[in-house]
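Down below is the structure, laid out as structure tokens.
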Amino acid sequence: MRRTRLLAFFLLASLSSPNAYAISAIRVQIDQLISPSATLKNADLKLDWQGEAPRLSLKAQIKPITALKPEAQGQQSTGYMPFSLSCGRLAITDAGQIDCLNGQLQAKQIQLPFSLRANIQPEQLAADLRFSDAQFSDASGLHAGEKLSGQISLSAKPSEGGWAWQGLLRWDAGELYWQPFYFAKAGNQLDINGRFIDDLLWVDKANLLVNGVGRVSAAGRMNTVTGRLEEASISAQKVDFAGLYAVFLKPMAEKSVFGDLTVTGQADWQFELKDGQPKSFELTLRDTDIRDNKGKFAFKQLQAHLPWDYDQVKTQSVSYASGQVLKLPLAKTQLQAQINRYALSAPKLSLPLLDGALNFTDLSAAIIDGLWYWHVSMNLTPISMAEFSQALGWPSMQGKISGQVPQVSYADKQLLMNGAMTFNVFNGTVGMNHLKIDDPLGVVPRLYADLSMRQLDLGELTRTYSFGRIEGKLDGDVQNMQLENWKPVYLDASIRTSPGKQLKKISQRAVENITALGGEGTAAAVQRTFLQFFKEFNYDKIGLSCKLRQDVCEMAGVESNAIGYVIVKGQGLPAVNVNGYTQRISWSDLLARIKRITDSNSKPVIQ
């Protein structure tokens, strides 16, 4: 260290008065120079007084301390990065001012044209760096800048046993990517001042202006030995929520359900940290609109007040004028919950939905070891099936739908339902059991469940979907159902006539449509037989099943026969049997057949 200081003193003295020693050039070569932050080797330093102004050039190889880690090493196997530094015009005055004009820093992935002015005085240090058209990147591709222009200024002076300092960082042009954040807009500025005393770096005041977002104020204290942020306070008022989401929130939520939103409105927020731990937080949203671009949900005129305190219980509130979830409209809603440190609870919440409501009870959520855990019970008060089907774009249904959901819990990115969920629809019941969803808010959620249908009124069901009239009751089961990104990939599904006495009638149109599901065969059409004089037929039982594996569905009916399987087994007079001939079909083709049926484009195959 002593030799380094002597060399620096000699160079500065020579540079400030070269003619006194008749020096035209100085060249210094260093094999290795070790400092706490980096190691320098093969350094070649040149000072040249020939020409109109002194020039400086330095070529060397450097390895920062972080490069000692394998994942942070440079391009070469040694971990050293070659670089060159030059000043096209260098001047040092007796007053302690150093100017490096027309400077250039070059490395394999760095191009930094700059001009530097430094002033070194016994009672003050100051430096001002201007850069333009700079660019950089790293080997991982996680950090990069293009055509950057701006200014970095820093000054410091002794004060109260330490240093008082202030700085300015201004970014005037160019684009910056610092994974996961992408800053496409320049015009950002940081003004900052503070103190440095006994290894503690104090930020007394910092003001950050982010173009398109707003202004953020901050203060804090960091221990430079341990690298620990001991205290911090951050606040922002009237921040543009659209800019905040685009720049900061969207990159962090990219792989979740909140990763593709359109938002408007304003936000206030503040955060306080003490002794290295979060102390308080508060987020306020005003007149905010949020819309998922995939159509999953939307909220209009959203107002939110979300305070949090490490020591005190706070009340959080959210309200919106209207909204929609999965195309189901939501009416005006006000919600409140209590948050106690890392646990949130609400005895009851109600979401008005169409002419009914979805009610949540015993809601409890907590963060444990950085992971979310929660549970809740739900019930659906009766909703008009006509409004429900219209909202989803389905054929018009009649009656009401209601139901109960037992306790649902979420832990370690997995949602589980304890018990069976039941809904009352078509004068029967639809139940779901063994529900499990892996990563429900992720990009590719996976759902596992079993479904059951009991005593569904086929008359109401078939009238709803213009399928042709069928009288009777229907049972069904979907076992071992697996969905990936909400699309079926595995299931064992079957529908069948419910047991017990009941009226069993099927219309000619329903026969035609059922036949189309099983594929076309060689039997004569109804119009070519005496059956064309009957509008409806008697049947004994109806059944159809599908075993889906990936995209292939293996189909069967109530029983097998020589040509395939029986879908409708006739009984009495007049009676008709409907056979199915397609035993293996892709899931997409089966859905296409169902669509053709609903579009009234099916052709009958009747036995």
Side-chain angles (χ1 to χ4, degrees), residues 1-122 125-139 143 152 154:
M1 179 65 69
R2 181 178 176 85
R3 293 180 179 178
T4 303
R5 290 177 177 174
L6 288 173
L7 175 62
F9 175 78
F10 172 72
L11 291 175
L12 291 175
S14 302
L15 185 59
S16 61
S17 55
N19 294 330
Y21 305 96
I23 298 174
S24 61
I26 293 177
R27 181 174 185 179
V28 179
Q29 293 179 316
I30 303 173
D31 289 336
Q32 189 175 54
L33 181 63
I34 300 175
S35 75
S37 58
T39 299
L40 195 72
K41 76 171 187 178
N42 299 331
D44 188 356
L45 174 65
K46 295 180 181 179
L47 291 170
D48 189 350
W49 282 272
Q50 298 179 15
E52 295 182 0
R55 297 186 302 273
L56 177 145
S57 66
L58 171 64
K59 293 183 179 180
Q61 294 179 348
I62 189 171
K63 179 169 69 174
I65 292 299
T66 55
L68 296 177
K69 299 179 181 180
E71 64 271 19
Q73 288 187 359
Q75 297 297 304
Q76 299 179 356
S77 60
T78 61
Y80 283 89
M81 179 180 69
F83 75 95
S84 65
L85 176 67
S86 64
C87 288
R89 190 179 185 91
L90 181 66
I92 299 180
T93 68
D94 293 334
Q97 181 172 304
I98 304 174
D99 290 341
C100 176
L101 305 179
N102 301 326
Q104 181 81 26
L105 173 64
Q106 290 184 326
K108 185 172 183 179
Q109 293 172 297
I110 299 174
Q111 296 287 336
L112 178 61
F114 70 91
S115 291
L116 173 67
R117 169 163 288 183
N119 197 303
I120 303 175
Q121 301 292 336
L125 302 175
D128 183 81
L129 176 70
R130 309 292 177 102
F131 57 93
S132 62
D133 203 27
Q135 60 184 26
F136 73 91
S137 62
D138 62 11
H143 311 96
I152 301 175
L154 181 65

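Note that NZ of Lys46 is 11.0 Å distant from CG of Leu58, once rounded to the nearest 0.5 Å. Taking CD of Gln111 as the start and CD of Gln106 as the end, the distance is 4.5 Å to the nearest 0.5 Å. If you take CG on Leu47 and OG on Ser24, they are separated by 11.5 Å, rounding to the nearest 0.5 Å. To the nearest 0.5 Å, the span separating CG on Leu90 from CD1 on Ile98 amounts to 8.0 Å. Between the NZ atom of Lys63 and the CD1 atom of Ile34 there is a distance of 9.5 Å, given to the nearest 0.5 Å. Atoms CD1 and CD, on Ile92 and Gln97 in that order, are 10.5 Å from each other to the nearest 0.5 Å.
Arg55 places a side-chain N or O within donor-acceptor distance of the main-chain N or O of Gln50, the cut-off being under 3.5 Å.
Side-chain atoms of Gln121 and Asn119 form a donor-acceptor pair, as typed in the model, at a separation below 3.5 Å. Side-chain contact of Asn102 with Gln104: a donor-acceptor pair under 3.5 Å is absent, judged by distance alone.
Annotation: cation-pi geometry not satisfied between Lys59 and Phe83 (NZ/CZ under 6.0 angstrom from ring centroid, within 45° of ring axis).
When all heavy atoms of Pro54 and Trp49 are compared, the closest pair comes out as CG-CD1, 3.7 Å. Ala139 and Gln109 make their closest contact through N-OE1, 3.6 Å (heavy atoms, listed as atom of the first residue, atom of the second, distance). Leu101 and Ser115 get closest at one heavy-atom pair: CA-OG, 4.0 Å. Nearest heavy-atom pair, Pro113 versus Asp133, reported as atom, atom and distance to 0.1 Å: CD-O, 4.0 Å.
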Trace of the side chain to side chain contact (heavy atoms under 4.5 Å, CB included) decision for Phe114 with Cys100: CA-CA 8 Å; Phe114 70 91; Cys100 176; 3.8 Å; yes

Residues Leu45, Leu56; criterion side chain to side chain contact (heavy atoms under 4.5 Å, CB included); working and verdict: CA-CA 8 Å; Leu45 174 65; Leu56 177 145; 4.1 Å; yes

Criterion salt bridge (Lys or Arg N to Asp or Glu O under 4.0 Å) on Asp31 and Lys41, from CA distance to verdict: CA-CA 5 Å; Asp31 289 336; Lys41 76 171 187 178; over 6 Å; no

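Under the 4.5 Å side-chain criterion, counting only non-hydrogen atoms from C-beta, Tyr80 is not in contact with Asn42. A heavy-atom distance below 4.5 Å is found between the side chains of His143 and Phe136.
Asp99 pairs with exactly one of Arg117, Arg130, Arg89 by the salt bridge (Lys or Arg N to Asp or Glu O under 4.0 Å) rule, that one being Arg117.
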